[in-house]
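We name chains A, B, ... by the order of the sequence lines, and we start the count at 1 in each one.
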Number of protein chains: 2
Amino acid sequence: MTQGRFTAETTRLDDAARAGWLYYVAGNTQDEIARKLSVSRQTAQRLVSLAVSERLVKVRLDHPIGRCMDLAGMVTDRFGLQFCEIVPSDPDAPGLLTGVAIAAAVELERVLKSDEGRIIALGTGRALKATVEQLPRLDCPRHRIVSLLGNMMSDGSATPYNATIAMAERVGAKHYPYPLPVLASDPDELKVLHAQEAVRNTIGLGQQADLTLVGIGQMGRQAPLVVDGFVAEAEMAALVAAGATGEITSWIYDGDGHVLDCDFNRRVASVPLPKAAERRVIAVAVGEAKRPALTAALGGRLVNGLITNEAMAERLLAAK
Amino acid sequence: MTQGRFTAETTRLDDAARAGWLYYVAGNTQDEIARKLSVSRQTAQRLVSLAVSERLVKVRLDHPIGRCMDLAGMVTDRFGLQFCEIVPSDPDAPGLLTGVAIAAAVELERVLKSDEGRIIALGTGRALKATVEQLPRLDCPRHRIVSLLGNMMSDGSATPYNATIAMAERVGAKHYPYPLPVLASDPDELKVLHAQEAVRNTIGLGQQADLTLVGIGQMGRQAPLVVDGFVAEAEMAALVAAGATGEITSWIYDGDGHVLDCDFNRRVASVPLPKAAERRVIAVAVGEAKRPALTAALGGRLVNGLITNEAMAERLLAAK
DNA sequence: GCCTTTGGTGAATATTTGCCCATACAATAG
DNA sequence: CTATTGTATGGGCAAATATTCACCAAAGGC
């Protein structure tokens, strides 16, 4: 039954989509749209901008910009990557996620187009959330989306940056949320949790993913782990003192990209990071704050693919 | 970032792509782009529009409506329509009227919103009845609703699919029921009936309607004309044998959309179909059974507007 | 060498768009 | 039933964008 779509809310979005189509695809002026839709020009304008702000219209740039290709080549060589995509950056907004999100979404789409059932594993974070928002609505029931870590805190509340559910909903695929909190109370509890069959199954899926997309978490006061309340500031300071440089799906690693042997990591419930780089593991990260963490992850071969922007690429290459 | 200008050729498109990126993805103004690229504002504008005209930027609408509008565009081109609306269809219920009824109601409302008095002419049928049911209650005393055909059988009983009365009641407009039965007993009686002043007046109104909404009737056993008892099954078989393909307000036409020269049509009392397409005549039809009738009507330019759903649109386009 | 063509530029100008505000309308609470 | 509050609307205006024009510089033909 499609009736449900015809609520007032949806009608408004429909109009927004229609206006956006007339504007961007058919090249109508807002005045013409207003006439065709029998609304005032101002309303037409609002509809168009609604279509934009609701992300109904997606703009994609189809030209390999020379500078970006050059940077991608250099980054690939320097860090021994299998995949690297550099998008232009706006000098005034070097942390803008939209660009990398689009690039990552394109890469996801490439996998989703496959006829065979694929497994896609996702971490969490703002970058991945933005990526999923750039995905078109598809119907790919053969593919499976697996979460690499929980999105619950120990008290049961959820963090907002889980991308798995949104993605599975968008592309119509089966999805496997990670059935554990991010952190266990202690290593023994973790052992018990990991022994569950559902958990073992999900971990197994995550480890054989055809494409793994992860964000990069920095350390320090603004660290996602701190902001989202998994680590107290004092604890974070101790971790940093112990050499913590960054984090991928909550696994904290040092400046060489080696996962730390510490109390925190012994409580992390996430799927273990893939050891060898036989799987495609792509990091999505922008923003100066994440540079040390990203540098370490690349150096330690924790990932073998990267999607970032010019600003970050230049800094990565300039370093050392 | 105005780094590397390498070869003239690549740089131009590169800049265009970069300008387009800054404009559409990063949301810069052309002035800002001009500064960042160290060119004049006009050049920045040229670069952006170059990016557009070179199809470097691809805009996509992520809403079901996008597909609908594409289909509408194709159907419009194919059949030379002035108006075409395609609504999403429920794959499980391709004949569901709700969607098109809402779309048609929206179109009616658009006309009803007008300050000037409008004339709206209606045919009959389930689709139109459903359409009227989707109309909100309004108060539009300036508009006039005209019926294009009778709803009485020769014996005086009424068919249930008359939309005029319900619509006039809903929107508070003046209405003109068609003061004749659907069929006259013979051509001579029809001549007498048509000579009445009230009839001539109503016909005149119907012919100058600002918007005409009609359903499409198929032929065969399930034809509205048969189901509603205007045509016996045997007579229908004869009509089909003579080429009858569909009917609009009881005027039966052939596969090319030409009104048949037959006994039946000589007894039809309905308002004549508009010859030239200078009025907006919109057909509302869904359901596979109606496809041949609709195809013929479109091919013969009996209507210049169409409201249907994706399923029908796709079939119309796939045919021939 | 000179002229023409092509493609690009900035200035001026026309058009379009984005934003603020006063108002109207509808839902909700009292 | 009325007051209130939140939300949508359209007008006006400033900013942004598109277009036109006159001009210039380089490439290529005569």
Handout entry: Identified side-chain contact (heavy atoms from CB on, under 4.5 Å) partner of Ile102(A) from the options Glu107(A), Lys58(A), Gln134(A)
Key =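 Only one of Glu107(A), Lys58(A), Gln134(A) forms a side-chain contact (heavy atoms from CB on, under 4.5 Å) with Ile102(A), namely Gln134(A).
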For [X], check side chain to side chain contact (heavy atoms under 4.5 Å, CB included) against everything at least two apart and list the hits.
X	value
Gln45(A)	Gln30(A), Ser49(A)
Thr43(A)	Val39(A), Ser40(A), Arg46(A), Leu47(A)
Ser147(A)	Asn162(A), Thr164(A), Tyr178(A)
Asp77(B)	none

Problem - Proximity to DNA chain C (any heavy atom under 4.0 Å), residues of residues 44-53 of chain A only - result: Gln45(A), Arg46(A)
Looking at residues at least two apart in the chain, or sitting in another chain, which of them share a salt bridge (Lys or Arg N to Asp or Glu O under 4.0 Å) with [X]?
X	answer
Glu85(A)	none
Arg41(A)	none
Glu310(B)	none

Exercise for the section: Check whether any side-chain N or O of Tyr23(A) sits under 4.0 Å from OP1 or OP2 of dT17(C), and answer yes or no. Expected result: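 Checking Tyr23(A) against dT17(C): at least one side-chain N or O falls below 4.0 Å of OP1 or OP2.
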Handout entry: Residue pairs passing the salt bridge (Lys or Arg N to Asp or Glu O under 4.0 Å) test where at least one lies in residues 129-139 of chain A, sequence neighbours excluded
Key = Arg55(A)-Glu133(A), Lys129(A)-Glu133(A), Arg137(A)-Glu169(A)
Handout entry: Summary of salt bridge (Lys or Arg N to Asp or Glu O under 4.0 Å) pairs that have at least one residue in residues 24-37 of chain A, sequence neighbours excluded
Key =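 Found none.
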Practice task
Starting at atom CD of Gln42(A), determine the distance to atom C1' of dA24(C), rounded to an integer number of angstrom.
Solution key: 15 Å
Exercise for the section: Shoot me the first and last contacting nucleotide of DNA chain D against chain B, ordered 5' to 3', at under 4.0 angstrom to non-hydrogen atoms. Expected result: dA16(D) to dT20(D)
Problem - Members of residues 25-33 of chain B that approach DNA chain D, where some heavy atom sits under 4.0 Å away - result: Thr29(B), Gln30(B)
